[in-house]
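Structure record follows, encoded as structure tokens.
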Number of protein chains: 2
Amino acid sequence: MARLPVYLRALHNLQELGVATVSSEELAAAAGVNSAKLRKDLSHLGSYGTRGVGYQVEYLVYQISRELGLTQDWVVAIIGVGNLGRALSGYGGFASRGFRVAALLDADAKVVGRRISGLTVEHIDKLETVVKDREVSIAVIATPAGAAQAVCDRLVEAGVTSILNFAPVVLSVPDTVEVRKVDLSIELQILAFHEQRKAGGPMGDRLVGDYGALRADESPESAPYVEAVDA
Amino acid sequence: MARLPVYLRALHNLQELGVATVSSEELAAAAGVNSAKLRKDLSHLGSYGTRGVGYQVEYLVYQISRELGLTQDWVVAIIGVGNLGRALSGYGGFASRGFRVAALLDADAKVVGRRISGLTVEHIDKLETVVKDREVSIAVIATPAGAAQAVCDRLVEAGVTSILNFAPVVLSVPDTVEVRKVDLSIELQILAFHEQRKAGGPMGDRLVGDYGALRADESPESAPYVEAVDA
DNA sequence: CTGACTTTGTGCGTGTGTTCACAAAGGCTT
DNA sequence: AAGCCTTTGTGAACACACGCACAAAGTCAG
């Protein structure tokens, strides 16, 4: 379940506030979900609350952490040290949750050798060696779109089975490999969609800008598609 | 529909390759979805293909762009100029799709006044002025978690109705406001979950680490929850 | 002009996720 | 010890998204 991490975060917050016990209603509110859904998720996971009281915060934190595999450390490699890669390498939310960034790789000779967030950037040629020697299990792809699939293939070949992809391409992988995708411009486009809806749908009239002529083969000058994750 | 941007990207790629016509089968493969789903999405959107031939790429690009509101420009403000905010401000994928970053705001006096990606960082105090004067419609929150809700409230108050939130908190907003959330550590946690599954479930035995003692009120030392989007 | 072939658009069965609502279960007060 | 009150866990209705499979529609060759 993709909601477990959200519950966990809410529980951690409660823990900091010194709360020992929480009802499904309260926790659901903090996590922004329906309370019945939360209870079902939690029961589905095997944890038990106490009727009439609620859930013990410590206990739940432990259970969810274990379910998510956060009781062990995961070794992460970041491929592509552009703006995004650098931001990720310095992101505090990783280390604090059991994710250890063990390598930064890049193809650009100008950044190889630089130290970033306590790590030295290594050349992409060493990908296979690094993955195997340091037992990398999760890789983060933060390369330009053009390089992503090739990098992905090498990662898979080297034995990586979980990939977090920031490049704006659909990666193809064997189905033994799990890929999650984060696409910043897609998020904005979805927002733009809703924003436009509020302003009265796609210009109200479906025929605005009558596109009939185009179907008869007069191509409009379309802005070329610029592919770039980061500089 | 959240898949439209993906289709659009695939179509742009085809356009660059000089492809004029595409079948639902091909486009679906490029977008990584089922062809029936793609056809249903497209029909639901009102666009028409030609039976026996497929879809005209130019036409579809135009239709989807219009549906998503990409035929107009959207003004974006980025709040919080840490590592992540800087990476976002330099992200090429925004400008190329009609998103214009018009302001960078931060509370830290040390970064206010610096020029980043062609923009001067302004103080968060000017939030209301900036939003109104430059007609910001979409805001990106890249602040530390602690500041996010306060910033969000001010944005909503100033009239912003679409927010992209990178801070690891559940923002509460009136339901006239659309919020999308991108949480990097949650993505990794989901990967870790699947990774662990492959390795044989949560340590196989549900009783490993027997937590019974804890229910009798002996708190284990739990790692404090560190909140930090970026440095 | 006719017929064979290709591809769209969609009706329908299926499965999954969400929510309501309530009985069972435990604590707390008197 | 008994009953009231709170809260969990879950059965059942609902909604929705998915994908198959096919008829309708259009192209193209002869």
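Because only heavy atoms are used, hydrogens play no part in the values below, and waters and symmetry mates are left out as well, while side chains stay in. Chain naming here is simple, since letters A, B, ... match the order of the sequence lines and numbering starts at 1 in each. All values reported here derive from a predicted model rather than from experimental measurement.
- We find that CG of A:Leu27 is positioned 14 Å from C1' of D:dT7, with the value rounded to whole Å.
- Side chains of A:Tyr7 and A:Asp41: a donor-acceptor N/O pair is present below 3.5 angstrom, by distance only.
- Between A:Gln56 atom CD and C:dG26 atom P the separation is 15 Å, expressed in whole Å.
- In summary, A:Lys198 and A:Glu195 engage in a salt bridge, as defined by a charged side-chain N under 4.0 Å from a carboxylate O.
- Rounded to a whole Å, the CG atom of B:Leu38 is 15 Å from the C1' atom of D:dA17.
- For B:Tyr62 and B:Tyr59, the ring centers are positioned 6.0 Å apart or more.
- Here CD1 of A:Ile79 is found 11.5 Å from CG of A:Asn165. Values are rounded to the nearest 0.5 Å.
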Please output the side-chain donor-acceptor pairs of residues 171-179 of chain A that fall under 3.5 Å, not counting sequence neighbours, one pair per line with the distance.
none

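- Side chains of A:Thr71 and A:Arg66: no donor on one and acceptor on the other come within 3.5 Å.
- Taking only side-chain nitrogens and oxygens, A:Asn34 comes nearer than 4.0 Å to OP1 or OP2 of C:dC20.
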Which letter, B, S or -, goes with each nucleotide of nucleotides 4-12 of chain C from 5' to 3', with contact meaning a protein heavy atom under 4.0 Å? --BBBBBBB
